[in-house]
Amino acid sequence: MNSRSDPDCDYVYKVVLSGEMGVGKSNILQRYHKGIFTRISPTIGVEFLTKKIILQNGLVVKAQIWDTSGSERYRSITTGHYRSAVGALLVFDLSDRESFEQLSYWLNCLREHADEQLVVALVANKYDLVQSDPGARQVTEVEIQAFVKENELLYFGESSALSDRNIKEVVESLMENIHRVQV
Ligand code: GDP
Ligand code: MG
């Protein structure tokens, strides 16, 4: 989406959060946008947030990041939600095997409905849980790397919305990659 209508920003890129309910999507967005971690209602949330990012080349772009308000639980996300998305944060919970197993479902939805040039970054969230208790880990780094390779995803290492690990970095690297693909 090339937004010439916004005078102080050259490009607006739509990014969607995707993945099972409970993996931390809304908290990732809140952490990125406001720098905080709080309880968020699973069903009442923002539709999308925008944030300006300065790329490494100095260009200012706007990330328009779309959340889902619990509709992911019933697989009832409308196709319009994904339409014209050029980037996605595909999230799973390192302490929840099922959320990893379901990634293919969400990836298929994305590939089917989003922009043809969609760039997807995988987010392995809740690292804080497995760091404090290695027994809580349900997905290995080897499995993550294999999934990333097989599906041509971006991956920058484990994240935590709670402890603020690797959130800003993921979003901003995703934006760099989107811009490279889109221009
Ligand atoms: P969503 O359904 O994917 O939007 O997930 P939420 O952001 O609502 O988070 C679901 C639950 O996981 C909430 O209880 C959050 O407090 C918790 N949560 C989210 N991110 C993290 C994280 O990085 N670490 C831990 N320990 N809990 C998290
Ligand atoms: Mg949510």
Side-chain angles (χ1 to χ4, degrees), residues 14-51 63-83 85 87-114 118-141 143-145 147-148 151 153-174:
K14 177 176 171 180
V15 172
V16 288
L17 279 154
S18 187
E20 290 293 291
M21 183 154 180
V23 295
K25 299 181 297 299
S26 299
N27 271 287
I28 287 168
L29 185 56
Q30 189 187 57
R31 169 62 78 187
Y32 179 63
H33 192 248
K34 294 196 195 139
I36 56 169
F37 185 91
T38 55
R39 233 187 93 76
I40 299 167
S41 159
T43 49
I44 306 163
V46 291
E47 194 173 29
F48 68 82
L49 292 170
T50 56
K51 189 158 170 150
Q64 185 187 78
I65 309 175
W66 289 63
D67 197 4
T68 44
S69 301
S71 55
E72 68 274 36
R73 168 181 265 167
Y74 308 103
R75 303 278 193 265
S76 60
I77 297 171
T78 60
T79 54
H81 182 80
Y82 295 117
R83 194 171 301 129
L89 292 162
L90 180 63
V91 187
F92 75 99
D93 172 349
L94 282 162
S95 70
D96 174 8
R97 179 85 206 168
E98 183 63 15
S99 72
F100 181 72
E101 305 279 347
Q102 293 298 324
L103 289 176
S104 297
Y105 167 81
W106 294 108
L107 199 51
N108 285 339
C109 289
L110 286 165
R111 300 258 190 242
E112 196 175 325
H113 301 293
L118 180 77
V119 182
V120 183
L122 184 67
V123 182
N125 195 36
K126 306 199 188 181
Y127 178 70
D128 59 286
L129 290 180
V130 305
Q131 190 182 29
S132 58
D133 172 17
R137 177 187 277 274
Q138 292 191 5
V139 187
T140 69
E141 188 61 33
E143 290 173 308
I144 297 171
Q145 291 295 349
F147 187 79
V148 164
N151 295 286
L153 309 177
L154 298 173
Y155 180 63
F156 308 101
E158 290 139 330
S159 296
S160 169
L162 190 149
S163 67
D164 197 7
R165 176 194 164 101
N166 215 13
I167 299 293
K168 185 170 184 277
E169 293 79 359
V170 172
V171 179
E172 299 192 348
S173 304
L174 174 64

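As the structure lists them, so they are numbered: ligands from 1, and atoms in each ligand from 1.
Counting heavy atoms only, Gly24 comes closest to atom 19 (C) of ligand 1 of the residues Ser99, Ser132, Gly24, Ser26.
Between Lys126 and Glu158 no salt bridge is recorded (no basic side-chain N to carboxylate O distance below 4.0 Å). Looking at Arg75 and Glu20, a side-chain N of the basic residue comes within less than 4.0 Å of a carboxylate O on the acidic one, giving a salt bridge.
Geometrically, Lys168 does not engage Tyr32 in a cation-pi contact defined by less than 6.0 Å to the ring centre and at most 45° from the axis. For the pair Arg165 and Tyr127, the cation sits on the ring face: its NZ or CZ lies under 6.0 Å from the ring centre, inside 45° of the axis.
Residue Asn125 has at least one N or O atom closer than 3.5 Å to an N or O atom of ligand 1. Looking at Phe37 next to ligand 1, no N or O pair under 3.5 Å apart turns up.
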Step by step, work out the side-chain contact (heavy atoms from CB on, under 4.5 Å) result for Ser104 and Phe147. CA-CA 9 Å; Ser104 297; Phe147 187 79; 3.8 Å; yes
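Scanning the protein for heavy atoms near atom 27 (N) of ligand 1, the closest one is Lys126 CD, 3.8 Å. The protein atom (non-hydrogen) at minimum distance from atom 26 (N) of ligand 1 is Asp128 OD2, 2.8 Å.
Remark: the Glu143 side chain and the Thr140 side chain contain an N/O donor-acceptor pair separated by less than 3.5 Å.
Close contacts of ligand 1 with Leu162, meaning ligand atoms under 4.0 Å from a residue heavy atom, involve 22 (C), 23 (O), 24 (N), 25 (C), 26 (N). Less than 4.0 angstrom separates some heavy atom of Ala161 from each of these atoms of ligand 1: 20 (N), 23 (O). The ligand atoms of ligand 1 that sit less than 4.0 angstrom from a heavy atom of Glu20 are 3 (O). Residue Met21 approaches ligand 1 through these ligand atoms, each under 4.0 Å from one of its heavy atoms: 2 (O). Applying the 4.0 Å criterion to heavy atoms of Leu129 picks out, from ligand 1, the atoms 26 (N). Applying the 4.0 Å criterion to heavy atoms of Glu72 picks out, from ligand 1, the atoms 2 (O).
For the pair Ile65 and Lys51, the minimum side-chain heavy-atom distance is 4.5 Å or more. Residues Gln138 and Leu94 fail the side-chain proximity criterion, which asks for heavy atoms closer than 4.5 Å.
In summary, of the residues considered (Ser159, Ser163, Ser95, Ser160), a side-chain hydrogen bond (donor to acceptor under 3.5 Å, both in side chains) with Asp128 occurs for Ser160 alone.
Within a 4.0 Å radius of atom 14 (O) of ligand 1, the protein has no heavy atom.
Ligand 1 lies within reach of Gly22, whose nearest heavy atom is under 4.0 Å from it.
Among the backbone and side-chain atoms of Ser26, an N, O or S atom lies under 2.8 Å from the Mg ion (ligand 2).
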